[in-house]
K.L.:
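Next up is a structure, given as structure tokens.
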Amino acid sequence: LAADTRPVLYIRDSASLAPLWRDAAQNGLPQFDVQIGRSNLDLDRVTAALVWKPAPGFLASLPNLKLVVSVGAGVDHIVMSDPDFPRHVPLVRMVDPGLTQGMIDFVVWACLSILRKAKFFANEQLAKRWEAKPIETSPNKTIAVLGLGQIGLPVARMLKKLGFQVIGWSRRYKKVEDLHLVHGSDELKALVGRADMVVNLLPSTRDTYQIMGTEFFSSMKKGAAIINAGRGATVDENALLEALSSGQLSEAYLDVFQVEPLPSEHAFWIHPKITITPHIAAITHPKSGIRALKRALAEIEANKPLSNLVDWNAGY
Ligand code: NDP
Ligand code: OXD
């Protein structure tokens, strides 16, 4: 049998979805020898890599690498974690309508659950207790969305459509009809002080590290809630526990954590005011992942600027 001399597309090993990734890649990119995982990988032949939390130094060990695509929208798993990343190789992050829709669905679920006191009534049902409680409607609630990128902005628009008052925060100036938007760190305190719910959709970078800490929580309205689907590193977890215990915050919906999987002994698991999901707000479907890779390869081939290229200085 003749040896396969095609360039290799390396795809991270993700046990449950591996067959789907293999199918999508083999159908979409027949010019590649698709290799899932690192065992028996011919390092010299790898020219493209689709990664999630690559082992530090692994990408640097691929001498002919031309493109790295992050399976996730967030790239902290590379930018903050792999100091040896070969910086001459372009790093593209995942932007995909399916991923954005998943995030919209997650945030809408969390905001409506908070508005409708879902946790409270679930407990009432368990206790077979029939007790009416006044519920406010969406126009009476203000939601602050932190991060107005590919995900944050569509989320903000959807919340507005649902009737909420929406305010938003980003690093750079933005203007969008019907949304009150501010930018820069000086504006953050005043913004969150107006919100009944704060939705975090920020990436994890040096600048956003534990941005939600004691000072942040004390500048929020008493009894407000947070939803974190951005990254765990943006929250000081002890400060959050303190803010929930003191009643400064009423609830937290958390999909992302400082350490994932969330350790079994972590106080969050059994906290009555915390709702946990295991980083499933949205996931990249293999077909979309391969589409993103194909687009980047086509852009490289056509000598065009790459879409969704990571800015290493900004860290996202
Ligand atoms: P983008 O890069 O498109 O948007 C990031 C947004 O954050 C931008 O609006 C940016 O501002 C803003 N931002 C970054 N740094 C700062 C800062 N220091 N101060 C204020 N604003 C800042 O990313 P996406 O919208 O595609 O994704 C956002 C994050 O969502 C990802 O990084 C990831 O962490 C998380 N995510 C989580 C998922 C989950 O399942 N839980 C799934 C997908 C994503 P500006 O517009 O000025 O650049
Ligand atoms: C992420 C993702 O960045 O799942 O968290 O896309």
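Everything numeric in this text was worked out from a predicted model, so none of it was measured. Start at 1 and go down the list; that is how both ligands and their atoms are numbered.
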K.L.:
Please work out whether the ring planes of His279 and Trp52 are parallel, tilted or perpendicular, with thresholds of 30° and 60°.
P.N.:
perpendicular

K.L.:
Looking only at protein heavy atoms, which one is nearest to atom 7 (O) of ligand 1, and what is the separation?
P.N.:
Pro203 CD, 3.4 Å

K.L.:
Could you tell me whether His183 approaches ligand 1 through its side chain, its backbone, both or neither, with non-hydrogen atoms closer than 4.0 Å?
P.N.:
neither

K.L.:
Considering only the protein, which heavy-atom contact is closest to atom 33 (C) of ligand 1, and what is its distance?
P.N.:
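Heavy-atom neighbour on the protein nearest atom 33 (C) of ligand 1: Arg231 NH1, 3.5 Å.
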
K.L.:
With under 30° as parallel and over 60° as perpendicular, where do the rings of Trp312 and Phe85 fit, or are they tilted in between?
P.N.:
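Answer is tilted, since the angle falls between 30° and 60°.
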
K.L.:
Can you tell me the protein heavy atom closest to atom 9 (O) of ligand 1 and the distance?
P.N.:
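Of every protein heavy atom, Leu148 N, 2.8 Å lies nearest to atom 9 (O) of ligand 1.
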
K.L.:
What atoms of ligand 2 come within less than 4.0 Å of a heavy atom belonging to Leu99?
P.N.:
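Under 4.0 Å from Leu99, ligand 2 has these atoms: 6 (O).
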
K.L.:
Of the side chain and backbone of Asp255, name the one, both, or neither that has a heavy atom under 4.0 Å from an atom of ligand 1.
P.N.:
side chain

K.L.:
Could you tell me, atom by atom, which parts of ligand 1 come under 4.0 Å of a heavy atom of His279?
P.N.:
39 (C), 40 (O), 41 (N)

K.L.:
Does Arg116 have more than 12 heavy atoms from other residues, nucleotides or ligands lying within 6.0 Å of its CZ?
P.N.:
no

K.L.:
When you compare the side chains of Tyr316 and Arg171, does any donor N or O come within less than 3.5 Å of an acceptor on the partner?
P.N.:
yes

K.L.:
When you look for heavy atoms under 4.0 Å from ligand 1, do you find them on the side chain of Leu201, its backbone, both, or neither?
P.N.:
backbone

K.L.:
Against heavy atoms of Gly74, which atoms of ligand 1 measure under 4.0 Å?
P.N.:
31 (C), 32 (O), 33 (C)

K.L.:
Which is closest to atom 3 (O) of ligand 2 in terms of heavy atoms, His279, Glu260, Arg231, His77?
P.N.:
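Looking at heavy atoms only, Arg231 sits closest to atom 3 (O) of ligand 2.
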
K.L.:
Could a heavy atom of Gly230 be found less than 4.0 Å from some atom of ligand 1?
P.N.:
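So Gly230 counts as touching ligand 1.
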
K.L.:
More than 12 foreign heavy atoms under 6.0 Å from NZ of Lys273: is that the case here?
P.N.:
yes

K.L.:
What protein heavy atom sits nearest atom 4 (O) of ligand 1, and how far off is it?
P.N.:
Gly149 CA, 3.2 Å

K.L.:
Taking atom CD1 of Ile280 as the centre, report whether more than 12 heavy atoms of other residues, nucleotides or ligands fall under 6.0 Å from it.
P.N.:
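Yes, CD1 of Ile280 has more than 12 neighbouring heavy atoms, counting only those of other groups under 6.0 Å.
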
K.L.:
Going by distance alone, is a donor N or O of one side chain under 3.5 Å from an acceptor N or O of the other, for Glu242 and Thr214?
P.N.:
no

K.L.:
As an exercise, identify every atom of ligand 1 less than 4.0 angstrom from a heavy atom of Leu202.
P.N.:
7 (O), 12 (C), 13 (N), 21 (N), 22 (C), 34 (O)

K.L.:
Number the atoms of ligand 1 from 1 as they appear, then name those within less than 4.0 Å of a heavy atom of Asp207, with their elements.
P.N.:
18 (N)

K.L.:
Considering non-hydrogen atoms of the protein only, which is the closest contact for atom 10 (C) of ligand 1, and what is the distance?
P.N.:
Tyr316 OH, 3.5 Å

K.L.:
Run the numbers for me: atoms of ligand 1, each under 4.0 Å from some heavy atom of Arg93, listed by number.
P.N.:
1 (P), 2 (O), 3 (O), 23 (O), 24 (P), 26 (O)

K.L.:
Need the ligand 2 atom indices (1-based, order shown) with element for anything under 4.0 Å from a heavy-atom of Ala282.
P.N.:
4 (O)

K.L.:
What protein heavy atom is closest to atom 6 (O) of ligand 2, reported as residue, atom name and distance in Å?
P.N.:
Ala73 N, 2.8 Å

K.L.:
Going by an N to O cut-off under 4.0 Å, is there a salt bridge joining Arg38 and Asp13?
P.N.:
no

K.L.:
List every atom of ligand 1 that sits less than 4.0 Å from any heavy atom of Ala229, numbering the atoms from 1 in the order shown and giving each element.
P.N.:
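Close to Ala229: 35 (C), 36 (N), 37 (C), 38 (C), 39 (C), 41 (N).
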
K.L.:
Would you say Gly74 and ligand 2 have an N/O pair spaced under 3.5 Å apart?
P.N.:
yes

K.L.:
How far is atom 46 (O) of ligand 1 from its nearest protein heavy atom, and which residue and atom name does that atom have?
P.N.:
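It is Lys174 NZ, 2.5 Å.
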
K.L.:
So which of Leu41, Asp33, Leu9 actually passes side-chain contact (heavy atoms from CB on, under 4.5 Å) with Val46?
P.N.:
Leu41

K.L.:
Considering the options Thr275, Ile274, Leu262, which one meets the side-chain contact (heavy atoms from CB on, under 4.5 Å) requirement together with Leu254?
P.N.:
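Option passing the side-chain contact (heavy atoms from CB on, under 4.5 Å) with Leu254: Ile274.
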
